[in-house]
Structure formats: structure tokens, C-alpha cells
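One structure is given below, encoded as C-alpha cells.
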Amino acid sequence: MHRWSKLFIPTLREAPADAEVASHKFLLRAGYIRQLGAGIYNYLFLGQRSLNRIIAIVREEMDRIGQEFYLPGILPREPWEESGRWTGMGDNMFRLKDRKGAELCLGMTHEEIMTVIARGELRSYKQLPQIWYQIQTKFRDEPRPKSGLLRVRQFTMKDSYSFDIDKAGLDKSFDLHDAVYRRIFTRCGLKFVAVEADSGAMGGSQSQEFMVYTDAGEDLIASCPQCGYAANLEKATSRLDAVAELEPAGDGKPELIHTPGMGAIADIAAFLKMSPANDIKCVAYMALKRGTGGKKDAWHGVAAFLRGDHQVNETKLLGAVGASELRPMLAEELETFFHAPAGFLGPVELRHDAQPLGEGLTLIVDRALEGRKNMVCGANKLDYHLRNVTPGRDFTWTLAADIRSVNEGENCPAEGCAGKLVVGKAVEVGHIFKLGYKYSESMGARVLDENGKEVTPIMGSYGIGIERILTAAIEQANDANGFCLPASIAPFTVVVTITNVGDAALRATGEKIAAELEAAGLDVLLDDRDERAGVKFKDADLVGIPYRINVGKKAAAGQVELVTRATATSVDSALSDVVALVKKRAEEEQLLASSS
RNA sequence: CGGGGCAUGGCGCAGUCUGGUAGCGCAUCUGCUUUGGGAGCAGAGGGUCGGGAGUUCGAAUCUCCCUGCCCCGACCA
């Protein structure tokens with residue numbers, strides 16, 4: 001029996017000044033966590049208890065499809081060197097040296113280590129498929145830890161890895177994870193959406209994120225209320241309405257116009273009395289190409305051209321050109337590639353490479369420019385623009401790709417759907433994706449297929465942020481007094497509050513009810529503190545326990561109160577019925593969650 | 001890494017501009033009263049004012065350097 005009077009639950013009346021988001025404030029106030037450093041937290045009794053319950057659900061569900069391992073958190077350099085990620089991970093990886101000077105790192109993910117195991121042990125197609133998972137502490141030297149447990153440098157992750165003989169097998173492993181993840185998040189009481197996601201620069205094809213909508217989130221999700229389309233903004237597309245083209249001026253050929261000081265698109269649009277949609281804008285970058293096979297890293301020029309009213313999406317751009325990093329071009333680099341300053345850059349007669357990231361400039365155009373005509377763009381000459389510019393006729397490019405971010409209100413990309421996209425903030429709680437051969441190939445994992453031929457197994461990688469489930473649950477259900485966790489992941493299902501411990505009869509009744517609840521298999525906390533009733537009510541509301549039984553004045557008449565935290569409603573119940581009632585409520589909640 | 005801010009008792013803050021040896025609320029401890037929504041009264045304990053150097057008779061306060069933390073941006077398989 002857990003008695004509050006004996007426990008360490010350091011609740012705070014006021015939130016520390018540097019907590020911004022709801023989950024951060026309440027995790028601190030409710031005594032779940034304490035900060036040790038930037039992005040480094042101590043998990044106290046209630047926090048650890050809740051995380052343990054989340055882990056139990058994750059483990060139970062993962063055991064349906066996979067086998068649990070436990071890999072080290074401290075890892076030698078060599079496997080990372082083999083995969084190319086020792087340098088690829090950059091400053092996000094914590095690195096250290098042992099007493100002999102050998103280099104090690106703290107694990108931020110475990111593709112390499114799982115692949116080491118696979119290549120050492122897997123020999124035959126008969127041993128496939130395999131799904132191996134672990135629940136492990138991960139370390140990432142985040143550039144900017146923030147928002148309590150949402151973005152931290154040490155956290156707990158369930159990560160799993162699949163090895164299959166072929167793509168069909170990978171599809172199956174992926175789908176198994178998709179189904180199990182849906183069960184996990186449902187059981188944890190999260191209102192989540194599965195969205196299409198970018199697979200990142202580190203390889204992979206199909207990729208899906210599990211997101212919980214909240215303003216505390218750092219990802220933007222575009223979704224269609226009509227057909228259910230949902231995608232991370234890094235991936236989302238839309239169908240654009242046609243733009244009214246400008247009438248050709250003069251002979252219809254590109255024509256130089258004097259535009260003194262009009263480096264901004266808004267200036268040009270106003271000057272020519274046209275929509276920014278008739279302008280071609282240029283965003284110039286230097287892109288980093290990681291050297292492989294002993295080659296050095298190198299920066300290359302990339303000129304991205306988009307519709308004047310569109311925003312470049314750097315994630316899409318990185319993927320399109322195959323680079324690993326971008327930075328804006330410096331003024332002298334602009335001079336080298338364009339012979340012109342920012343504000344007057346354009347694609348006409350711009351020398352560019354045939355292949356992305358060659359020695360010269362990569363010229364990439366957004367798909368929204370294809371088929372357009374009579375547009376306005378910079379002339380690569382200070383204070384001059386060109387009009388009558390038609391893409392394809394007046395300039396060519398290295399490649400065309402979707403490199404823009406969609407905007408709210410644009411048309412849903414789904415075939416035949418008339419919906420308009422809405423954009424919302426969300427936090428990522430899980431991510432599943434098809435890795436392909438990146439690690440198995442580079443690290444030399446091979447098995448023999450049924451014809452005795454050596455083949456490379458295909459891999460998948462699947463993660464769940466354990467702490468993020470807790471924070472997302474708090475973000476989605478909190479009010480001025482605190483938060484309410486789903487019964488499945490709350491540190492306790494029910495708290496029995498003895499309103500006045502000075503009253504021996506009340507005390508005995510509270511003890512009895514708590515014992516009965518425990519015997520019924522519920523996680524029960526008995527609030528037997530010698531505090532005023534108000535203090536105990538406030539604390540109970542704060543710490544997220546979904547049900548509270550007040551043992552007070554009416555106990556002498558055989559009645560107690562059952563308070564439901566989520567709805568702030570209470571019902572009187574006979575002492576003899578309350579245990580069954582709580583149990584029923586908690587079970588109903590779980591059923592409701594799994595049916596939605 | 002760029003921009004902004006903060007650092008004074010466990011938490012929230014004042015004091016810094018204008019230098020004079022540290023204060024308020026909450027929390028903690030003791031006693032009495034109170035006992036259904038963060039009680040009242042009385043008393044008590046607790047702070048090298050983030051660190052270092054300097055200016056000064058004297059520094060929380062002024063100067064310089066460093067560190068930590070927060071926010072915005074960049075970044076973030």
C-alpha cells in the first residue's frame with residue numbers, strides 16, 4: 001500500500017519561471033521530474049512510475065512481433081565508421097575516449113549495432129525475418145534542448161529493427177509495426193495521427209510518423225479534413241490552382257527592366273502591378289556533400305528557384321539534391337555564381353551543372369514553375385529584372401523537384417478530393433521507416449537465399465519516444481489545476497483521500513477502501529497526510545491521477561465521493577460499491593480508447 | 001552557431017539604475033487554534049547574492065572575464 005505521507009512527491013505551488021509548455025510546468029509542479037542540466041532530467045517517483053507503465057505497454061505489444069534485446073549505451077567507433085555515420089552524425093553525437101585513447105560514443109540510435117549482430121550471426125534466408133527491439137537510453141547532444149521532456153539530451157527510446165530477405169518481407173515488417181504502434185498509442189490513451197514523413201538524409205524509402213497534435217509540438221502537419229490525408233510539412237504536397245499568366249510585353253522575349261533598389265519580391269510585384277505568383281524567386285545555398293570512401297566533405301552551390309509567393313522547404317531541397325547540410329550563400333559566393341547581388345538573382349543564362357552537386361552550380365526549380373510563362377525574375381545584374389521569362393524556353397535546369405512547403409488552404413493532393421489542407425503543430429511520438437540496404441550493404445550483412453545465392457537483407461527501423469508519450473498525454477489533457485493521465489499510464493489509477501486524518505473512523509474507512517481497491521488489482525495511492533482537505537484535493541488534481549475517492553463527512557452515513565479528474569465531476573457512492581465502480585470506470589475508459 | 005534574457009534561502013520575486021554589509025510571499029520547523037478546495041496567530045531556522053579578477057574605505061549593486069540556464073532562430077536518422 002502506497003501511503004502519500006511516506007512518499008516523496010514534491011509538489012510545487014508555483015511553476016519554476018523557466019518552464020514554458022504545459023507538460024514541462026506540470027511535470028515539475030507535480031513532482032514527476034527535476035532538472036539536472038540542460039536537457040537532462042531526474043525522474044522522481046511519480047514520473048518513473050508512469051514511464052514504467054508506458055514501458056510495460058510498449059513491451060507487451062512489441063512482444064507480439066519482436067524479440068527484446070538490450071544493447072550497450074556506450075559504443076565503439078568502428079561500426080559507425082563503417083556506416084559513415086561517425087562523421088555523418090556530426091555534433092549531435094556525444095563522443096568520448098577511454099583510457100587507452102580509443103574513441104567511443106554514446107548511442108543515439110542502434111542501426112549499426114543491430115547490423116553488427118545480424119552480419120555476425122545471420123547466414124540463411126531460413127533465419128529471416130527477424131524483428132529485434134530494445135528499450136534503451138539514448139543520448140543526443142541536441143543543439144537546443146527545450147520544453148521539458150520534449151527535446152532532451154538523454155531519453156528513453158523503444159527502437160526496433162527488422163531484417164528481411166526482400167522488399168515484400170520489409171513491407172510486412174513495416175505493417176506489423178504500424179499495427180502494433182497503433183495499439184500502443186491507443187492503449188496509452190493518445191489521440192494520434194499517422195502521417196507520411198520525410199525519410200531523412202540517412203537513407204530509406206517509406207516513412208511514417210505518429211503524431212499528437214499540440215501547440216507544444218515542433219513539427220507541422222498538413223492534413224485534409226475530408227479524406228484523411230496527413231503528412232509532415234517536410235513531405236506534404238498539394239494541388240495548386242492555376243495562376244493567371246501575365247500578357248507578354250513587346251516581342252514576348254525576355255526583356256530587361258530597370259528596377260532600382262527593388263530587391264524584394266513585394267517591391268517588384270507592386271512596381272509591375274502583378275501578383276508575386278508571377279515572380280520567380282531565387283534562394284541560393286551552399287550544400288554540403290559528405291565525402292565517402294576517403295573523399296573529403298565538400299560544399300557546392302545550389303540555386304533554388306520557386307514561385308515568388310512560395311517558401312522553400314529545406315528538407316525537401318536537401319533530399320532533392322542529395323546533400324546533408326545547407327547554408328545560405330555568402331555575398332562573395334553569390335558574386336562567383338551569379339555575378340550579381342541578392343535580390344537580383346535569376347535563372348536566365350545561368351551556367352549550371354548537368355548533375356546535382358557537380359563542380360559548378362546546381363540549378364533546381366520547383367515543380368510549380370513547370371508550364372508557367374511570361375514570368376519576372378532577377379537579371380543577375382544589380383537593379384535589373386527580366387520579364388517575359390518562360391521556364392524551359394528561356395532557361396533550363398539541373399533538375400526539377402518539389403522543394404516548397406505547402407500552405408494552409410491549398411487543395412488536398414489526394415486524387416479526386418476537394419478538401420483544403422489545414423496545418424497544425426504536433427509532437428512526434430513514433431516513427432517507422434523502411435531503411436533499405438544502407439546499413440546491411442555498407443556493413444556487409446549477407447545471407448544465402450533459397451538458391452544458395454548471397455543476398456543482402458533489407459532493413460527497417462522503428463522508434464518510439466517513451467517520455468514523449470507521457471508529455472503528449474499531459475499536453476492533450478491539462479487545465480489550470482494540473483493534468484489528467486489516461487488510467488493506463490497514470491502512476492496510480494485512483495487516490496483515496498482521507499479528508500481528515502484526525503478522525504479515526506475516517507482513517508479506518510479510507511484504509512479499508514484502499515486495501516479493497518488494491519485487492520481488486522488497481523494501483524491505489526492512499527492520501528493519509530495530516531493536511532487540510534483543500535491541500536490534498538489540489539495535489540490530487542495536480543498530479544494526474546484519473547480517479548479520486550473522497551472519504552469525508554458522508555462516510556458515517558456509508559457514502560463516499562468518486563471524483564473523475566478529466567471531467568471534474570463527482571458522484572456519491574455507497575462504500576460497498578465504490579471499488580467496483582472505479583474498476584468499471586477505468587476499464588470503460590480503456591475500452592473507449594481502443595474503439596476510437 | 002546568431003539574436004535576446006536571466007542567475008539573490010527549496011519555489012516565486014524585490015533590492016542593482018543612484019555602492020553602505022540582504023528583504024518579501026510561499027514552503028520548512030515548534031506551539032496553540034482550525035479542519036471539504038493550497039487556514040490563522042505567535043515564534044524559529046535557512047542565503048560565501050552563479051564563479052573569478054578588478055575599482056573602492058566599503059560591492060548583490062560599478063568594470064572585465066568565465067560558467068550555467070531559459071526563450072527566438074539556425075539545427076534536429
Side-chain angles (χ1 to χ4, degrees), chain A residues 10-21 24-25 28-29 31 34-41 80 83-85 88-93 107-112 138 140-148 150-153 155 157 159 161 197-205 207 209 217-219 232 234 285 288 314-315 318-319 324-328 427-428 431-436 438-439 459-463 465 480-482 497-503 506 527 529-542 548 550-555 560-561 563 568 570:
Chain A
T11 59
L12 301 172
R13 189 179 293 211
E14 291 174 281
D18 48 18
E20 291 277 317
V21 301
H24 187 197
K25 280 183 199 160
L28 286 166
R29 283 193 56 200
R34 285 295 183 260
Q35 183 172 18
L36 186 63
I40 307 175
Y41 287 87
W80 297 87
S83 71
R85 292 210 290 184
M89 284 300 191
D91 290 337
N92 266 3
M93 193 170 197
M108 41 197 304
T109 174
H110 283 75
E111 280 82 1
E112 281 83 353
K138 304 288 186 190
R140 295 185 185 182
D141 193 0
E142 289 287 344
R144 184 147 98 83
K146 58 183 281 202
S147 306
L150 273 179
R151 178 152 232 90
V152 290
R153 296 197 290 173
F155 59 100
M157 185 182 226
D159 50 322
Y161 306 88
D198 178 61
S199 22
M202 301 312 275
S205 51
S207 171
E209 290 168 333
E218 299 181 287
D219 284 286
N232 195 305
E234 295 175 345
Y285 291 99
L288 180 68
E314 295 189 359
T315 303
L318 276 175
S324 58
E325 223 173 286
L326 289 175
R327 66 166 173 79
V427 59
E428 176 187 353
H431 193 168
I432 59 179
F433 79 97
K434 298 179 181 175
L435 274 178
K438 180 179 165 63
Y439 301 94
M459 292 174 62
S461 167
Y462 318 87
N481 295 320
T497 303
I498 301 167
T499 57
N500 182 358
V501 293
D503 184 326
L506 284 190
D527 193 349
R529 289 176 299 167
D530 184 12
E531 290 285 354
R532 299 169 64 84
V535 171
K536 290 192 266 198
F537 295 159
K538 287 285 187 191
D539 270 346
D541 286 348
L542 175 61
R548 180 172 94 228
N550 289 337
V551 180
K553 290 171 187 161
K554 288 171 271 190
V560 291
E561 264 169 13
V563 182
S570 74

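Lettering of chains follows the sequences in order, A, B, ..., and the numbering in each one begins at 1.
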Using the salt bridge (charged side-chain N to carboxylate O under 4.0 Å, His left out) criterion, which residues pair with [X]? Sequence neighbours excluded.
{"X": "D141(A)", "result": "R153(A)"}
{"X": "E111(A)", "result": "R85(A)"}
{"X": "K25(A)", "result": "none"}
{"X": "E142(A)", "result": "R151(A)"}

So do P145(A) and V152(A) actually touch side chain to side chain, heavy atoms under 4.5 Å?
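No. Closest side-chain heavy atoms not under 4.5 Å.
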
Per [X] side chain, nearest of listed nucleotides [options]:
{"X": "K538(A)", "options": "rA77(B), rC70(B), rG38(B)", "answer": "rG38(B)"}
{"X": "L542(A)", "options": "rA77(B), rG38(B), rC75(B)", "answer": "rG38(B)"}
{"X": "E111(A)", "options": "rC69(B), rA77(B), rG73(B)", "answer": "rA77(B)"}
{"X": "R140(A)", "options": "rC75(B), rG38(B), rA77(B)", "answer": "rA77(B)"}
{"X": "R151(A)", "options": "rA74(B), rC76(B), rA77(B)", "answer": "rC76(B)"}

Pull out every protein N or O sitting under 3.5 Å from an N or O of nucleotides 11-16 of chain B, one pair per line with the distance.
unit_1	atom_1	unit_2	atom_2	d
rG12(B)	OP1	A17(A)	N	2.8
rG12(B)	O2'	E14(A)	OE2	3.2

I'd like the [atom1] distance from [M] over to [N], given in whole Å.
{"N": "rG68(B)", "M": "rC26(B)", "atom1": "C1'", "value": "26 Å"}
{"N": "rC49(B)", "M": "rA7(B)", "atom1": "P", "value": "14 Å"}
{"N": "rC1(B)", "M": "rC75(B)", "atom1": "P", "value": "16 Å"}
{"N": "rG51(B)", "M": "rC76(B)", "atom1": "C1'", "value": "32 Å"}
{"N": "rG19(B)", "M": "rG25(B)", "atom1": "C1'", "value": "27 Å"}
{"N": "rG36(B)", "M": "rU16(B)", "atom1": "P", "value": "44 Å"}

State which residues pass ring-ring contact (aromatic ring centres under 6.0 Å, His included) with Y161(A); sequence neighbours excluded, sorted by chain then number.
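Result, ring-ring contact (aromatic ring centres under 6.0 Å, His included) vs Y161(A): none returned.
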
rC70(B) phosphate, OP1 or OP2, under 4.0 Å from Q35(A) side-chain N/O:
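Looking at the OP1 and OP2 atoms of rC70(B), one of them is under 4.0 Å from a side-chain N or O of Q35(A).
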
Using OP1 and OP2 only, check whether a side-chain N or O of K146(A) sits under 4.0 Å from rC72(B).
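Yes, within the criterion.
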
What does nucleotides 30-36 of chain B look like as a protein-contact string, B for base, S for sugar-phosphate only, - for none, at under 4.0 angstrom between heavy atoms?
----BSB

Any protein N or O atoms within reach of nucleotides 43-47 of chain B? Criterion: under 3.5 Å, listing atom names and distances.
none

Could you pull out all residues at least two apart from [X] that satisfy side chain to side chain contact (heavy atoms under 4.5 Å, CB included)?
{"X": "V560(A)", "result": "I513(A), I549(A), V551(A), L575(A), V578(A)"}
{"X": "N481(A)", "result": "D479(A), K538(A), D541(A), R565(A)"}
{"X": "K554(A)", "result": "Q559(A), E561(A), D572(A)"}
{"X": "P10(A)", "result": "F8(A), R34(A), L44(A)"}

Do D527(A) and R548(A) sit within salt-bridge range, that is, some charged N less than 4.0 Å from a carboxylate O?
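A salt bridge is absent here (no side-chain N lies under 4.0 Å from a carboxylate O).
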
Any donor-acceptor pair under 3.5 Å linking the side-chain atoms of K146(A) with those of H24(A)?
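No donor-acceptor contact under 3.5 Å links the two side chains.
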
